[in-house]
Amino acid sequence: MADRLKGKVAVITGAASGIGAETARLFASEGANVVIADMQAEKGQAVAKELGDQGVFCQVDVRIEEDIASMIDLAMTKWGRVDILYNNAGFGGALGPIETTTMEDYDLTFDVLVKSVFLGIKHVTPIMKAQNSGNIISTASVAGLMNGVSPHLYGVCKAAVIKLTETVSLELGEHNIRVNAICPGLVATPLTVGKLNATDEDVENLRKSAGGNQPLGRAGVPDDIAQAALFLASEASSYITGHALVVDGGIRSGPTWSQWPEYMRKPLPLRLYRPEGA
Ligand code: NAD
């Protein structure tokens, strides 16, 4: 299949790298025109170039309302509509113990991870309402659903993205606008390497070394998430809204079998535990 998004216009933030870049490629291969929005100009332009006439780069800082407005404007000027907004830009946020987190880092984390999603939804909503159709997707994280897998504020922000997805889906449903989130587990990208300028080799080394924690035995790759975004963006999911789709190799369910205590994995005849005579 290569026409699941034929004639659609998509705006994707964080599309210069990792999950966003792969989603831009997949959406274009399915027939969409794509605005590649990111703060990294060189990488973003390279992704847009790969897409030819179907891609255009827009330099944005997703924390800034005017930038979000002009990103949506660009899609309207160039292609006259916005069918899909994918709020995906992000970073790891403030690290370390709670008592050393500065207010500056707190604000930066919330602005990049939550305010950006709010602004994207705010600015695309009038257009989608006028179209009486639209599809909003945001990248949350399993860290918004479980604890101990990310820094404090990252998990809090991703939980907020899930909540915003749910509440806004209630408001926009009657305008035929679906609103969903994706909760990735560990995906090998520059973000998880911990460096915006991580090389392909850094990312590949992480992918190879991080397999053991996932029940499915491998780390995620950007295409795993892009395929979920395609599902949510396409007609295949036409009755799904207000949903947080977990795509994590099983990690949300708990530790992989080989990490369970040995006494739980060893087969023992149950009769040893039966009361006398049972
Ligand atoms: P990535 O670093 O490869 O891509 C993130 C992109 O966001 C980069 O291109 C970066 O330039 C852009 N960006 C960051 N801050 C921005 C800003 N202020 N304005 C504009 N652009 C900005 O990382 P990724 O793993 O592809 O991350 C994509 C999304 O997936 C993020 O929201 C992240 O939190 C989420 N996520 C990632 C993982 C994972 O394991 N990689 C897991 C769960 C959720």
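Both ligands and their constituent atoms are indexed starting at 1 by order of listing. All residue numbers refer to positions in the sequence shown, counting from 1.
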Tell me, which residues have any heavy atom less than 4.0 Å from some atom of ligand 1?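 Near ligand 1, by chain and number: Gly14, Ala16, Ser17, Gly18, Ile19, Asp38, Met39, Gln40, Val60, Asp61, Val62, Asn88, Ala89, Gly90, Val112, Thr139, Ala140, Ser141, Tyr154, Lys158, Pro184, Gly185, Leu186, Val187, Thr189, Pro190, Leu191, Thr192, Leu196.
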Relative to the ring of Phe110, is the ring of Tyr106 parallel (under 30°), tilted (30 to 60°) or perpendicular (over 60°)?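 Geometry flag for Phe110 against Tyr106: parallel rings.
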Assess, by modelled atom type and distance only, whether the side chains of Ser70 and Asp67 contain a donor and an acceptor separated by less than 3.5 Å.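 Side-chain D/A pair, Ser70 to Asp67: absent.
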Tell me the side chain to side chain donor-acceptor pair (under 3.5 Å) pairs involving residues 230-243, sequence neighbours left out?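 For residues 230-243, and leaving out neighbouring residues, the side chain to side chain donor-acceptor pair (under 3.5 Å) pairs sorted by first residue read Arg178-Ser237.
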Per the side chain to side chain donor-acceptor pair (under 3.5 Å) rule, what does the pair list look like for residues 79-92, sequence neighbours excluded?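 Qualifying pairs, neighbours excluded: Arg81-Asp83, Tyr86-Thr139, Asn87-Ser138, Asn88-Thr139.
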Between Lys78 and Asp53, is there a salt bridge with N-O shorter than 4.0 Å?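 Lys78 and Asp53: not salt-bridged.
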Can you name the residues that form a salt bridge (Lys or Arg N to Asp or Glu O under 4.0 Å) with Arg207, not counting sequence neighbours?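 Expected list: Glu204.
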